[in-house]
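Below, all heavy atoms of this structure are taken into account, side chains as well, without hydrogens, waters or symmetry copies.
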Amino acid sequence: MPAVVDLRARLESAGQNLQTFEDVMLNVIELCGLPTDAVVVAIRERQVLLSNMPFALEGLDETQRARAAYIARMMLAASVGLFDAALNYLWNETINELRTRIASFDVAYFFEIAEQDPARRKDLRTPDDLEKIDDQKLMQAANRIQLISDVGFRQLDHIRYMRNNASAAHPNQVTLTGLKLAEWLETCIREVITLPHTNVVADIGRLLHNVKAQRLPADELDKAAAFFDGLPDAQADNLAAGLFGIYTPPDATPDVLDNVRQLWPKLWPNASETARNECGVKLARFRANADNDRAERARELLDLVDGAAYLPETERTAELAKALRELHDTHEAMNNFYNEPAVANRLAELVGRYGSVPTQLVESYVNVIVYVFLTNGHGEAHFADPIYKDLIGLFDTEQASLALRTFAHDLISSRLQFDLPRKKWIELLDLIVPKLTGRRDRALLESVLRFTGTPDQLVKDSDIRRQLAQWSTRNIQGARAK
């Protein structure tokens, strides 16, 4: 405190000379024919800022002070009444320190969080490239990985706004006060320059460093798995993005690749749907940019965790269509009881936990699932049947509506001639009843349940044929309207 008191005394003494200096300079400016009104801030406001700056600077150690050139410029600009320039210097110091903080942590991890576009991401490699990230995106990414706190981010974002609208960076007529500038200086020091890393951030930093530095032993991998289970959701997503970014570059070493392959399945259960979908989005961007090496690496990570449901839509659509053909053909072939489960499981993997099916494949998807669920008439593929039930359980209202009407398809109607498929048909109806919410669907269901003949004869009933025709006409008109 004595040093602060002494510094304040010196500043107050210097303030007595500020008026003399200002009078001289304003006189020179006037002689040059330039305006002198509202050019500089009042002496009183300068004294308020300069007298409070020592308290704000108390948090800086000697090393941090020695490199704070922009804070020195801020002090000089403030002393001559140029608060708009002082604010600009303060912001420059804050951003420089934030870049230093990021560089000391892990720039590759940071870039993976800050830049989602692979085309721009591949040009971001070294700490020098941090200058290519704009201030807003820099702060957002730093906040995501908790290099700055949530509260700190909001405060800094306000200062950034004021810097853009009230500093010398842009023309403006905003008046700044000495007390407000002193407060902002304290905020930037507290929330960026001197903010300590949290334990989670430090642990993530160490893990990423180790993944890239050496092949990790088994006990280290076990520790990482335990660490993943305790991660906050946002940090689990960030770490997933970091490992993804470490794995996909073409120059990743075998040791690095093996490390990530070991860690990825352990982290994946903790990643959110947003983070998982982002892996698929990045894969799509790699494909779009003809960055095939990275695309193949990204695909390896999704395959490693049975993440086919998160493939890009075009890629997933093609693979889903292929899987449907393969399932149909396997069901019809010899040894189908033995071969069907693996193919059915692959299809389920592509559909995912939410039953997502591309629009153009919905009808063929429902038809194939119903067809194989009804069996071949000779017996069930016992290990495949639970998969089919799960997939039917994921049907939405549209898919259930289609499933109800599959008896009208020749292939399925033919199958319904046999006893076992008829039993499975009743089972199918039980599974889809809760999903049939539309008036037309409920009416058709009642007609089907009232029908006294065998289900292969349903399509011959005049009332049922009429309902099918009305439904088809309505859907065709709806599709044209779209």
Short side-chain to backbone donor-acceptor contact, [X] and [Y], under 3.5 Å:
X	Y	result
R101	L147	yes
S447	A443	yes
N289	D291	no
N143	S149	yes
N335	Y338	no
D129	T126	yes

What I want to check is whether the side chains of [X] and [Y] have a donor and an acceptor closer together than 3.5 Å.
X	Y	value
K460	Q457	yes
R466	S462	no
S414	Q417	yes
Y371	E332	yes
E273	Y310	yes
T314	R287	no
E97	Y70	no
T194	Q64	no
D237	S272	yes
Y247	E300	yes

If you define the side chain from C-beta out and look only at heavy atoms, does anything of [X] sit under 4.5 Å from [Y]?
X	Y	value
R405	D441	yes
Q146	V200	no
R99	P127	no
S401	W471	yes
W425	F407	yes
N367	L402	no
I159	T94	no
I145	Y109	yes

What I want to find out is whether [X] reaches [Y] closely enough, with some N-O distance under 4.0 Å, to be called a salt bridge.
X	Y	value
E446	R440	no
E319	R316	no
E112	K282	yes
D229	K266	no
D303	R299	yes
R121	E115	no

**Complete:** D456 meets the salt bridge (Lys or Arg N to Asp or Glu O under 4.0 Å) criterion, sequence neighbours left out, with R422
Inspect the surroundings of [atom1] in [X] and state if more than 12 heavy atoms from other residues, nucleotides or ligands are less than 6.0 Å away.
X	atom1	result
K132	NZ	yes
D233	CG	no
D134	CG	yes

Quick one: pull up [atom1] in [X] and [atom2] in [Y] and give me the separation to the nearest 0.5 Å.
X	Y	atom1	atom2	value
T248	D293	OG1	CG	11.0 Å
L327	R325	CG	CZ	12.0 Å
R285	R294	CZ	CZ	13.5 Å
L347	L324	CG	CG	5.0 Å
L468	D463	CG	CG	9.5 Å

**Request:** Determine the interplanar angle of the W264 and W268 rings, folded into 0 to 90°, and report it as parallel if under 30°, tilted if 30 to 60°, perpendicular if over 60°.
**Result:** tilted
**Asked** Angle class for the F286/F244 ring planes (parallel below 30°, perpendicular above 60°, tilted otherwise)?
**Response** parallel
How close do [X] and [Y] get, heavy atom to heavy atom, and via which atoms?
X	Y	result
P341	N336	CD-O, 4.4 Å
A321	L361	N-CD1, 3.8 Å
A69	E93	N-OE1, 3.7 Å
V433	R442	O-NH1, 3.1 Å
G377	R415	N-CD, 4.3 Å
I387	A344	CG2-O, 3.7 Å

**Request:** Go through N88 and N92 one step at a time and tell me if the side-chain contact (heavy atoms from CB on, under 4.5 Å) criterion holds.
**Result:** CA-CA 6 Å; N88 204 41; N92 289 347; 4.3 Å; yes
**Message:** Does Q399 form a side-chain contact (heavy atoms from CB on, under 4.5 Å) with K435? I'd like the steps, not just the answer.
**Reply:** CA-CA 9 Å; Q399 292 163 353; K435 304 172 184 295; over 6 Å; no
**Request:** Could you walk me through whether S356 and V351 pass side-chain contact (heavy atoms from CB on, under 4.5 Å), step by step?
**Result:** CA-CA 5 Å; S356 173; V351 170; 5.7 Å; no
**Prompt:** Checking K389 against F373: charged group under 6.0 Å from the ring centre and within 45 degrees of the axis?
**Reply:** no
**R160 to W91, cation-pi by 6.0 Å centre distance and 45° axis angle** = no
**For K212, the option from D106, D251, D255 that meets salt bridge (charged side-chain N to carboxylate O under 4.0 Å, His left out)** = D106
**side-chain contact (heavy atoms from CB on, under 4.5 Å) against D258, all qualifying residues, sequence neighbours excluded** = R215, R261
**Message:** For L243 and L267: C-alpha separation, side-chain torsions, deciding distance, then whether side-chain contact (heavy atoms from CB on, under 4.5 Å) applies.
**Reply:** CA-CA 10 Å; L243 292 178; L267 178 62; 3.7 Å; yes
**Asked** Can you list the steps and then say if R346 with E326 is a salt bridge (charged side-chain N to carboxylate O under 4.0 Å, His left out)?
**Response** CA-CA 10 Å; R346 172 61 178 162; E326 187 178 354; over 6 Å; no
**Request:** Determine, step by step, whether Q136 and Y161 satisfy the side-chain hydrogen bond (donor to acceptor under 3.5 Å, both in side chains) criterion, reporting the C-alpha distance in whole Å, the side-chain angles of both residues, the deciding distance to 0.1 Å, and the verdict.
**Result:** CA-CA 10 Å; Q136 174 74 352; Y161 174 84; over 6 Å; no
